[in-house]
Amino acid sequence: MANSSKFNAKKQSYISVPSQIISSISSSSLHSLLLSPKKTNSKTKSFSRLWKSPRLWFLALFFFALFGMFDHDRLIPCLITAHQSQDLVHQNVGNKFGIISAHHHPHPQENAGFHYSDQVKDGKIQVSDSGTNGGNGYLESEFWKQPDGMGYRPCIGFSREYRRDSVAIVRGRRKYLLVVVSGGMNQQRNQIVDAVVIARILGAALVVPVLQVNVIWGDESEFSDIFDLEHFKRVLANDVHIVSSLPSTHIMTRPVEESRTPHHASPQWIRSHYRRRINREGVLLLRGLDSRLSNDLPSDLQKLRCKVAFQALRFAPSILQLGNTLAGRMRSKGAYLALHLRMEKDVWVRTGCLPGLTKEYDEIVNNERKQRPELLTARSNMTYHERKLAGLCPLNAFEVLRLLKALEAPKNARIYWAGGQPLGGKEALLPLTREFPHFYNKEDLALPGELEPFANKASLMAAIDYIICEKSDVFMPSHGGNMGHAIQGHRAYAGHKKYITPNKRQMLPYFLNSSLPEAEFNRIIKELHRESLGQPELRTRKAGKDVTKYPVPECMCNDSRSQHSL
């Protein structure tokens, strides 16, 4: 743009001009707007006599030369560039992330969340948003600040003894371990991690785990439908020999089935009970590995757990592509928060808690629990109120809202929510959607047909949620569970990205205190969560905890010799 004292007299401001307006103005119209003649001055006639004056000609030549120093030819291209630049932004972002176009919005009432307005500043396009949340926009918020990772980075170095034993183990072709894993995708993921470790303990080759059909969701997905099988084999090639199926030499062998592995079994127990059988029969079949292997293993086996969880178990290409695409759409205008909301009917039934909606929904949950008392997972002797105060219940939408507001989440924050359909439907989410209008799930972000290949496959849908949540700037679960634990470890391994752990046990008494002023409530809640934002935590101080949830210090290290600050 042309520089002049007139423009420099005040601080420049930039106005977003919709492309439709710019495109409606022809180049000749622009030219006439910029170079339109001034109004006739009333004193023109009095100056007309001076046109022959040499002094006037000298001054005219001087100002003409001065004006020529400025690149006045850029005046018109500058405005035209605003139009072209906006199209370029839409095209580039759309090509990279598949952004929803201006002509397609799954939810018209939320269209503002996907519109762009461009500003040209110093020759660079700046994409802004009326609801910008401070991630890459102009507004800043303490909420998006990341915890101090203290320099911890992935650090998986196996001992010389481990590497020496690997040569014989990966070449072994006499012993094979078959495993059948159950539950949801994240539960299956945990069992696959332990299956690899057990195969290593037994010195056996691992047959690709069989995924049991989920009786709740009816998902018949196989390992290769969810995970990248070739990548899995390649990453673990120096740790465990992995085969897609039993070789012909072992097909006729009847595998010894063992489903009575105790909880938290040690490597010594595994060897003493299974090694002789697998040596004799050649094939061992294990079921129900959930929480069967001890969380406290020798250092090399803990590192192997991390290697499987964070490096080998990569999602299948089709899932990875769509997950990254949807995460890109959330990311396209700055930082975003991901929530894992556990508000489904079966969650309320299993936890012995109530959704906090109406008496009608409370009766639905109570009746289901009476008809199927076996669904109640633990502590059946506790009342609902006792469970609530003990921090055993998921947060409902109103409680999530109060927590986010206390932690100063911006009202214009973009939020992705993962989880199944809540009991009560969209009405159950109203406290959140009223306060945070930029509220999306994968159905909102996906273009028509994008989710169709994954329909009726709960594990694949959960994998898409996992990718978008893991890539978020801030993540918070409303309840614990396998997905929350897995993402906590994954975010720690990625550099301790912000992860809010709701301190339910300590904060709920304040939630129930209606006389507490809002400002005081917010101060207390913020203080309770000062150390619950994803900072590094030593697993050695979390007795019996899973290393894939707390990867420090077994799987991560820093340059400091001292860890006293932890």
Side-chain angles (χ1 to χ4, degrees), residues 162 166 169-170 172 175-214 221-247 250 255-271 273-275 277-278 281-298 300-316 459 463 482 485-486 489 546-549:
Y162 180 94
S166 295
I169 290 175
V170 297
K175 299 179 292 184
Y176 292 87
L177 176 64
L178 284 168
V179 296
V180 178
V181 299
S182 58
M185 188 276 294
N186 289 289
Q187 194 174 359
Q188 291 173 342
R189 186 189 184 100
N190 293 339
Q191 295 173 55
I192 293 168
V193 171
D194 283 355
V196 173
V197 177
I198 292 174
R200 173 78 190 197
I201 292 171
L202 295 173
L206 176 66
V207 180
V208 173
V210 176
L211 276 52
Q212 183 176 312
V213 177
N214 194 295
S221 300
E222 298 179 358
F223 185 99
S224 58
D225 295 325
I226 304 174
F227 303 106
D228 188 332
L229 178 55
E230 295 308 313
H231 177 81
F232 183 70
K233 291 180 178 179
R234 184 168 57 252
V235 171
L236 298 174
N238 295 325
D239 304 279
V240 174
H241 180 50
I242 298 173
V243 296
S244 297
S245 59
L246 282 174
H250 289 67
V256 177
E257 182 174 351
E258 180 57 64
S259 58
R260 295 175 295 176
T261 307
H263 285 283
H264 309 300
S266 67
Q268 293 77 16
W269 192 98
I270 296 292
R271 292 190 190 97
H273 285 76
Y274 295 150
R275 178 172 281 178
R277 297 184 187 183
I278 197 171
E281 301 295 336
V283 182
L284 176 66
L285 173 61
L286 296 179
R287 298 178 183 271
L289 292 181
D290 196 25
S291 300
R292 298 297 176 178
L293 188 61
S294 172
N295 285 328
D296 298 310
L297 299 175
D300 284 323
L301 296 181
Q302 295 288 61
K303 293 177 187 294
L304 179 58
R305 261 182 166 150
C306 291
K307 186 174 182 179
V308 179
F310 304 134
Q311 298 179 17
L313 279 175
R314 186 171 72 184
F315 291 117
S459 293
N482 292 305
H485 293 167
D546 189 352
V547 71
T548 60
K549 182 180 179 182

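Looking at Leu206 and Val243, their side chains never come closer than 4.5 Å, going by heavy atoms from C-beta outward. With a 4.5 Å cut-off on side-chain heavy atoms, Val308 and Leu313 count as touching. Contact of the Asp225 side chain with the Glu222 side chain is registered, since non-hydrogen atoms from C-beta on lie closer than 4.5 Å. Leu202 places a side-chain heavy atom less than 4.5 Å from the side chain of Leu284. At a threshold of 4.5 Å between non-hydrogen side-chain atoms, the residues Val547 and Asn295 do not count as touching. Put simply, the side chain of Ser166 does not reach to within 4.5 Å of the side chain of Asn238, judged on heavy atoms. Counting only heavy atoms from C-beta outward, the side chains of Leu286 and Val180 never approach each other to under 4.5 Å. Between Ile192 and Phe232, some side-chain heavy-atom pair lies under the 4.5 Å cut-off.
Using a cutoff of 4.0 Å between basic side-chain nitrogens and carboxylate oxygens, Arg200 and Asp300 are not scored as salt-bridged. Lys307 has a carboxylate O that lies under 4.0 Å from a charged side-chain N of Asp239, or vice versa, which qualifies the two as a salt bridge.
Here Lys549 pairs with nothing under the salt bridge (charged side-chain N to carboxylate O under 4.0 Å, His left out) rule; sequence neighbours left out. Under the salt bridge (charged side-chain N to carboxylate O under 4.0 Å, His left out) criterion, Arg275 pairs with no residue at all, not counting sequence neighbours. For the side-chain contact (heavy atoms from CB on, under 4.5 Å) test, residues two or more places apart in sequence or in another chain that qualify with Ala265 are Thr261, Pro262, Trp269, Ile270. Asp290 pairs by the side-chain contact (heavy atoms from CB on, under 4.5 Å) definition with Gln187, Gln191, not counting sequence neighbours. Residues that satisfy the ring pair (Phe, Tyr, Trp, His ring centres under 6.0 Å) test with Tyr162, not counting sequence neighbours, are Phe158. Not counting sequence neighbours, the partners of Glu257 by the salt bridge (charged side-chain N to carboxylate O under 4.0 Å, His left out) test are Arg287.
Listed for the Arg292 side chain is a donor-acceptor partner under 3.5 Å among the backbone atoms of Gly288. No donor-acceptor distance shorter than 3.5 angstrom exists from the side chain of Thr548 to the backbone of Cys306, with no hydrogens or angles considered. Although no hydrogens or angles enter the test, the distance criterion places a donor-acceptor pair under 3.5 Å between the side chain of His231 and the main chain of Gln311. No side-chain donor-acceptor contact under 3.5 Å links Lys175 to the backbone of Val283.
No side-chain donor-acceptor contact under 3.5 Å links Arg271 and Gln268. In this model, no donor atom of one side chain and acceptor atom of the other lie less than 3.5 Å apart for Ser294 and Asp296.
The aromatic rings of Phe227 and Phe315 lie parallel to each other, their planes meeting at an angle below 30°, with 60° marking the opposite boundary.
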Go through it in stages, so that I can follow the logic: the residues are Leu178 and Leu246, the test is side-chain contact (heavy atoms from CB on, under 4.5 Å), and I'd like the CA-CA distance, side-chain angles, deciding distance and then a yes or no. CA-CA 9 Å; Leu178 284 168; Leu246 282 174; 4.1 Å; yes
Given side-chain contact (heavy atoms from CB on, under 4.5 Å), test Val207 with Leu177 step by step and report yes or no. CA-CA 6 Å; Val207 180; Leu177 176 64; over 6 Å; no
